[in-house]
K.L.:
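My questions will all concern the structure given below.
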Amino acid sequence: MSPKKISIQKALKNKHKLLDEYKNAIDVSAAVTKTNPQGMITYANDAFCEMSGFAREELINHSHSIIKEPNAENSFFQDMWETISRKKVWKGCIKNSKKNGETYYVRSSIVPILDEHEQIVEYIAFSHDITDILKQEEVLKKRIDEEVKKNLQLHKAREEENLREAKFSTIGRMAAGITHEINTPLTYAKGNLEMMIQDILKLDDAIQQKEYLIQDSRTVLEGLNRIAGIVESMREMASHTEENPMFHNLYSSLITALTLASNKAKHICEIRIQNETFKLGMDKNKLHYFTMVQRQRIEQVFVIIINNALDSLVHISDFHARLLEITIDNEYDFVVICFKDNGGGIDEEILPKIFDPFESNKKEGGMGIGLNVAKRIISDHNGKIIPSNHENGALFELYIPRIHADIV
């Protein structure tokens with residue numbers, strides 16, 4: 001053999017070796033298939049077989065429809081076929097189905113191979129599995145959607161809070177003006193009425209109208225006291241108290257609040273505290289639940305909730321069917337006081353906004369600022385107040401930070 005032929009053979013051998021290297025490089029980097037002009041698979045490398053789950057002999061002489069996802073649109077593949085039939089490269093993402101029915105996604109490039117006459121002799125497809133990437137993108141998109149939704153909710157809550165603060169600021173200025181304007185003439189009227197009652201009491205018992213005058217005067221005084229209570233609540237809403245927190249037994253304050261409400265309560269219902277019927281003169285220090293509180297403000301909260309319960313219970317016709325139960329207990333870092341009545345509960349429409357000023361659940365009407373004041377006082381004590389409906393009545397749970405026995 002001539003040196004020239006030997007040189008040519010050596011060159012061809014090197015070319016074949018180089019082509020084999022190229023083929024190996026492609027095989028390890030992509031799933032490869034070849035199809036004839038009619039679309040039948042003539043070759044599939046190991047990567048494609050592993051990706052699709054089909055053996056090579058199961059793929060040869062079949063069209064790519066063998067891995068077509070059942071719900072894929074035919075128009076998608078028609079557009080693909082039209083593109084490569086025009087001798088153009090097609091690139092895109094395809095949703096396929098493995099032999100076991102599992103869905104997977106590939107990014108593919110399909111290249112038409114032309115002969116010397118520019119005629120298509122076969123198609124070569126290079127594919128990469130992007131299922132994990134799409135899943136990660138889907139997880140990321142879901143996270144982004146969740147974060148956007150959360151931020152929108154936070155933004156909305158912040159706007160509502162700003163609006164609420166502006167509303168309370170306006171109410172505060174209004175309340176300050178009202179309390180100033182009302183308090184002076186109210187004090188004057190109450191003082192004169194009380195002196196008038198004293199004068200009536202000194203009248204001779206033989207005067208027929210004496211009893212009526214006393215009764216009517218006391219009714220008017222009760223109304224003035226109610227107005228005074230509203231004014232005091234508005235004063236509380238408009239300004240902060242300067243009362244200092246003190247080491248105090250909350251059970252004692254409950255007895256004080258019940259004593260203040262006893263005159264009203266005795267005509268409405270039985271009140272039970274720690275499963276014992278409340279009676280005037282009960283020992284305030286029988287039980288101990290210690291906290292650091294502003295005593296008068298906390299007692300104001302108790303009176304507000306008790307009065308609200310009594311106002312609900314009065315609508316039950318049978319006196320003996322009415323009941324207000326109060327319990328107090330230590331629960332982890334809080335003293336928990338529960339006020340539970342059977343007065344029909346809180347209107348479900350009012351419940352979410354029950355602490356807003358001028359929202360009232362009372363059938364006979366009212367200013368609707370008492371619970372707003374109560375919420376503010378409890379919040380100032382780093383506690384919380386939770387209203388709910390329980391069976392056939394309302395339940396108010398107060399959580400006030402407790403003082404542990406080992407600290408006392």
Side-chain angles (χ1 to χ4, degrees), residues 7-146:
S7 177
I8 291 172
Q9 285 182 346
K10 186 176 181 181
L12 285 172
K13 186 177 180 181
N14 288 337
K15 294 283 187 183
H16 281 296
K17 185 176 187 306
L18 189 59
L19 287 173
D20 286 340
E21 291 293 329
Y22 288 155
K23 178 180 178 298
N24 290 336
I26 292 172
D27 280 340
V28 298
S29 62
V32 181
T33 57
K34 293 198 295 184
T35 59
N36 62 24
Q38 290 73 43
M40 297 299 175
I41 298 172
T42 59
Y43 170 80
N45 71 351
D46 291 342
F48 187 88
C49 293
E50 183 179 349
M51 182 173 67
S52 66
F54 286 93
R56 188 173 285 105
E57 56 269 19
E58 293 177 300
L59 296 168
I60 302 301
N61 294 324
H62 285 85
S63 71
H64 274 82
S65 62
I66 194 173
I67 58 170
K68 179 183 176 184
E69 206 279 328
N71 297 321
E73 295 183 4
N74 290 327
S75 59
F76 175 84
F77 295 99
Q78 288 173 359
D79 291 341
M80 178 198 300
W81 185 254
E82 288 176 6
T83 299
I84 60 178
S85 296
R86 294 197 302 269
K87 305 173 185 178
K88 295 181 179 180
V89 175
W90 182 91
K91 294 182 179 181
C93 294
I94 308 173
K95 182 180 181 181
N96 289 331
S97 182
K98 295 184 179 183
K99 183 179 180 180
N100 64 6
E102 182 182 346
T103 297
Y104 69 103
Y105 295 85
V106 295
R107 181 175 284 114
S108 297
S109 297
I110 304 176
V111 183
I113 305 299
L114 309 180
D115 62 13
E116 67 272 18
H117 303 296
E118 296 295 312
Q119 297 300 310
I120 297 173
V121 293
E122 64 181 352
Y123 301 100
I124 299 181
F126 305 90
S127 302
H128 295 87
D129 192 332
I130 59 170
T131 306
D132 289 341
I133 295 174
L134 290 181
K135 285 181 177 178
Q136 290 173 6
E137 288 180 352
E138 187 176 334
V139 170
L140 181 60
K141 182 178 181 299
K142 185 177 180 181
R143 287 287 303 277
I144 291 172
D145 289 343
E146 288 174 351

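Just so it is clear, the model here is predicted, and its values are computed rather than measured.
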K.L.:
Determine whether a donor-acceptor pair (N or O, by modelled atom type, separation under 3.5 Å) exists between the side chain of Asn45 and the backbone of Val32.
P.N.:
yes
K.L.:
Please list, chain by chain and in numerical order, all residues satisfying ring pair (Phe, Tyr, Trp, His ring centres under 6.0 Å) with Tyr123, sequence neighbours excluded.
P.N.:
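Listed in chain order: Trp81.
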K.L.:
Can you list the residues that meet the side-chain hydrogen bond (donor to acceptor under 3.5 Å, both in side chains) rule with Lys141, with sequence neighbours excluded?
P.N.:
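Asp145.
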K.L.:
Which heavy-atom pair separates Leu59 from Ile41 by the least distance, and what is that distance?
P.N.:
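Shortest heavy-atom contact: O-CB, 3.5 Å.
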K.L.:
Rounded to the nearest 0.5 Å, what separation is found between the CD atom of Glu122 and the CG atom of Leu114?
P.N.:
10.5 Å
K.L.:
Below 3.5 Å, can you tabulate the donor-acceptor pairs from side chains in residues 89-103 to any protein atom, sequence neighbours excluded?
P.N.:
from: Lys99; atom 1: NZ; to: Glu58; atom 2: OE1; distance (Å): 3.3
from: Lys99; atom 1: NZ; to: Glu58; atom 2: OE2; distance (Å): 2.8
from: Asn100; atom 1: OD1; to: Glu102; atom 2: N; distance (Å): 2.9

K.L.:
Going by the side-chain hydrogen bond (donor to acceptor under 3.5 Å, both in side chains) test, which pairs reach into residues 65-78, not counting sequence neighbours?
P.N.:
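Non-adjacent pairs meeting side-chain hydrogen bond (donor to acceptor under 3.5 Å, both in side chains): Ser63-Ser65, Lys68-Asn74.
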K.L.:
Without placing hydrogens or testing angles, list every side-chain donor-acceptor pair under 3.5 Å for residues 130-137, not counting sequence neighbours.
P.N.:
from: Thr131; atom 1: OG1; to: Tyr105; atom 2: N; distance (Å): 2.9
from: Thr131; atom 1: OG1; to: Asp129; atom 2: OD1; distance (Å): 2.7

K.L.:
Considering all heavy atoms of both residues, which atom of Ile60 and which atom of Ala44 are nearest to each other, and what is their separation?
P.N.:
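It is CD1-N, 4.4 Å.
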K.L.:
Begin from the C-alpha positions of His64 and Thr33 and carry the test side chain to side chain donor-acceptor pair (under 3.5 Å) through to its verdict.
P.N.:
CA-CA 9 Å; His64 274 82; Thr33 57; 3.1 Å; yes
K.L.:
Which residues pass the salt bridge (Lys or Arg N to Asp or Glu O under 4.0 Å) test with Arg56, sequence neighbours left out?
P.N.:
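Once residues adjacent in sequence are excluded, the partners of Arg56 under the salt bridge (Lys or Arg N to Asp or Glu O under 4.0 Å) criterion are Asp46.
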K.L.:
Counting heavy atoms not belonging to Glu138, are there more than 12 under 6.0 Å from its CD?
P.N.:
no
